[in-house]
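Order of the sequence lines fixes the chain letters, A, B, ..., with proteins taken first and strands second; residue numbering starts at 1 for each chain. Note that the structure is a prediction, hence the values are computed from the model and not measured.
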There are 2 protein chains.
Amino acid sequence: MRATHDSAEPPLHCQFCRNRSDSAFHNLGTDELDTISRLKTCVSFRKGQVIMHEGARPQGVYCIHKGKAKLYKMGPEGKEQIIRFATNGDLIGYRSILSDEPISASITALVDTYACYIPKSSFFEVIEGNPKFSLNVLKLSCHELGEAGKMIASLAQKTVRERLAEILLILRATFGEDEEGFLDIKLTREEIANMVGTATESAIRLLSELKEEGRISTQGRRIKLEDRPGLRKIAAVFE
Amino acid sequence: MRATHDSAEPPLHCQFCRNRSDSAFHNLGTDELDTISRLKTCVSFRKGQVIMHEGARPQGVYCIHKGKAKLYKMGPEGKEQIIRFATNGDLIGYRSILSDEPISASITALVDTYACYIPKSSFFEVIEGNPKFSLNVLKLSCHELGEAGKMIASLAQKTVRERLAEILLILRATFGEDEEGFLDIKLTREEIANMVGTATESAIRLLSELKEEGRISTQGRRIKLEDRPGLRKIAAVFE
DNA sequence: TCAAAAATATGACAATTGTCATTTTTAAGC
DNA sequence: GCTTAAAAATGACAATTGTCATATTTTTGA
């Protein structure tokens, strides 16, 4: 099953990580990569397993090697609000460590997920000793802050239909498409609703509507975006 | 008017800034403060003036010395969505500079505002040469990212009434109270609505409701929180 | 492969919140 | 202090979205 593709397991040395060029570690030198490689441990999570719990104080950060995870807060009624996703090459848990605050959003593996765990002290050691890395993490957090601002504006002002169209585009940008052109992530309609910030039935209804309009097609739970310009127009999203 | 209080103008040297202990500059040494003091310029904005425009590429950051500002995005219908506020000691514009992205939220002075402007190149110079400062800014952006996550969850799942109660508490936490116990910021009801993410009339109606219930009182545009535990309960906010 | 559980889909109805119109009050600027 | 414009307040009605119920389909795990 997995054997025909690249290994799911991270390499022992970060130097050989295939995600590195797109990650916060992209411009670290040999010494720095040596340090991290020495200090990290490789871990895996089964689909559905909680990687980090909201409210906890993590003792380290994870760099996802292969997999997909959702970051979500529980609302007052016990419903999840998905804040964002993380996938290959993404650093998770750093926000809580750096702000010295509890974890504000739980993290759960959406598929079997392999990651490198870097203990807090090691993480600080590398941050404090490497201005380049520190700046990379700064860039990352500032980028995410901008994305959060966009989501705030959407949630506050757009209709559910508009937001759904936008979420579909975000899913594609985050996870890409599989060989058949379907979004390369399978989410329940409940999870989609939990990202849009609406009731499951509303999400289902509007997905049906978009299907009838020919803007998406589905096969089981899978979704294919058939009319991206149309979705972008509905979502009032401009590049 | 202003003369009976501390000067609105920033001191020439950051060493004498009264906001410093609570800002990203709190643990910088004399050398570092010298550098920033040498490179900064003092600027002021009239109430209502735009400090930074959404979409622009800023050439520097501001550290607010005295004043209040709102950060807001324009929605597709031309309505503002207030993302958050900034006040004395807050660094603004850094997100765009560090992520190398355009400004994602305009910044407008809510009252006459005095700030220190640090050019981009100087800002990077200090960031790259001072691990402590870099870490402070990291801490700041990570804290703001956590706050944004909270707002996302509220906007997605809470009713307008719940969100209004929460916003009132946030306003108090951000700006404090004046000598008479009113929130030390005067906002139009439209601005409050633009933070809650609702129509102005809805915000007005719910403020009236909270007034009738005795949870708040008003004098003109000013608002006093009369029952903070009650508001916290409505807002489903826990410390 | 099969059975059971979970998820999806749809309809009917309810609730929340938005829009529009109008009157009253407050703030701003001279 | 006064005038005017902007904002606040309120009511009526409309629209969007949520809840509840039920049937159908898909997924899961043995």
Side-chain angles (χ1 to χ4, degrees), chain A residues 1 46-49 75-81 109-112 154-165 167 182-183 185-213 216-223 234 236, chain B residues 1 46-49 75-81 109-112 154-165 167-168 182-183 185-213 216-223 234:
Chain A
M1 160 168 107
R46 305 304 309 268
K47 176 182 169 176
Q49 204 174 346
E77 315 286 328
K79 192 168 143 88
E80 287 182 5
Q81 176 58 36
L110 288 169
V111 298
D112 290 353
S154 287
L155 281 165
Q157 301 200 357
K158 291 184 184 176
T159 63
V160 173
R161 178 177 155 96
E162 287 164 345
R163 298 202 310 267
L164 175 62
I167 294 298
F182 289 93
L183 295 177
I185 179 73
K186 283 199 290 191
L187 296 172
T188 64
R189 298 301 179 258
E190 186 177 7
E191 277 166 330
I192 290 178
N194 287 348
M195 214 183 162
V196 173
T198 191
T200 308
E201 292 90 337
S202 298
I204 289 172
R205 278 204 196 87
L206 288 162
L207 282 170
S208 293
E209 202 175 288
L210 291 177
K211 234 189 320 188
E212 275 161 29
E213 295 168 7
I216 62 171
S217 59
T218 59
Q219 197 179 68
R221 210 180 276 173
R222 300 195 295 164
I223 299 175
I234 294 172
Chain B
M1 164 166 110
R46 305 304 308 270
K47 176 183 172 177
Q49 203 174 349
E77 316 287 326
K79 193 168 141 96
E80 288 181 5
Q81 177 59 36
L110 289 168
V111 298
D112 291 353
S154 288
L155 282 165
Q157 300 199 359
K158 291 184 182 175
T159 63
V160 173
R161 178 178 153 93
E162 287 163 347
R163 300 204 304 271
L164 175 61
I167 294 295
L168 291 173
F182 289 93
L183 295 179
I185 179 73
K186 282 199 291 191
L187 297 171
T188 64
R189 298 300 180 258
E190 186 178 11
E191 275 164 334
I192 291 178
N194 286 350
M195 214 181 162
V196 173
T198 192
T200 309
E201 291 91 338
S202 297
I204 289 171
R205 276 202 198 88
L206 288 162
L207 283 169
S208 291
E209 200 175 287
L210 290 177
K211 232 187 324 188
E212 275 160 29
E213 294 168 8
I216 64 172
S217 59
T218 60
Q219 198 179 64
R221 210 180 278 174
R222 300 196 296 165
I223 299 175
I234 295 173

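One finds a side-chain N or O of A/Ser202 lying less than 4.0 angstrom from the OP1 or OP2 phosphate oxygen of D/dG18. Side-chain N/O atoms of B/Ser208 include one lying less than 4.0 angstrom from OP1 or OP2 on D/dT10. For C/dG18, the OP1/OP2 oxygens have a side-chain nitrogen or oxygen of B/Thr198 closer than 4.0 Å.
For B/Glu212 and D/dA8, the CD to P distance is 18 Å, given to the nearest whole Å. As a whole-Å value, the separation of A/Gln219 CD from C/dT8 C1' is 16 Å. Atom CG of B/Leu164 and atom P of D/dA8 are 13 Å apart (whole Å). The separation between B/Glu77 atom CD and C/dC20 atom P is 11 Å, rounded to whole Å. Distance CZ (A/Arg161) to P (D/dT17): 11 Å, rounded to an integer number of Å. If you take CD1 of A/Ile223 and P of D/dT26, they are 14 Å apart, rounded to a whole angstrom. Put simply, CD1 on A/Ile204 is 13 Å from P on D/dT19, counting in whole angstrom units. For the pair B/Ile192 CD1 and C/dT17 C1', the computed distance is 18 Å after rounding to whole Å.
Within 3.5 Å, no donor on the side chain of B/Arg205 pairs with an acceptor on the base of C/dG18, nor the reverse.
With the nearest nucleotide of DNA chain D identified for both A/Lys158 and B/Thr218, B/Thr218 has the one nearer the 5' end. Map A/Arg221 and A/Ala156 each onto its nearest nucleotide of DNA chain C; the residue landing nearer the 5' end is A/Arg221. Nearer to the 5' terminus of DNA chain C, by closest-nucleotide assignment, is the contact made by A/Leu207 (compared with the other of B/Ala203 and A/Leu207).
B/Thr159 comes within 4.0 angstrom of sugar-phosphate atoms only, judged by non-hydrogen atoms across all strands, and of no base. If you check every strand for non-hydrogen atoms under 4.0 Å, B/Glu201 touches a base. Contacts of A/Lys186 with the nucleic acid, taken as non-hydrogen atoms under 4.0 Å apart, are absent.
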- Query: Would B/Ile192 and B/Ile223 count as a side-chain contact (heavy atoms from CB on, under 4.5 Å) if you check the C-alpha gap in whole Å, the side-chain angles of each, and the deciding distance to 0.1 Å?
  - Reply: CA-CA 11 Å; B/Ile192 291 178; B/Ile223 299 175; 3.7 Å; yes
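Residue B/Lys79 places its NZ atom among more than 12 non-hydrogen atoms of other residues, nucleotides or ligands, all under 6.0 Å distant.
The structure places CD1 of A/Ile167 at 13.0 Å from CG of A/Leu206, a figure rounded to the nearest 0.5 Å.
Between the side chains of B/Arg46 and B/Gln49, no donor-acceptor pair of N or O atoms lies under 3.5 Å.
Contact check for B/Arg221 versus B/Arg189: side-chain heavy atoms found under the 4.5 Å cut-off.
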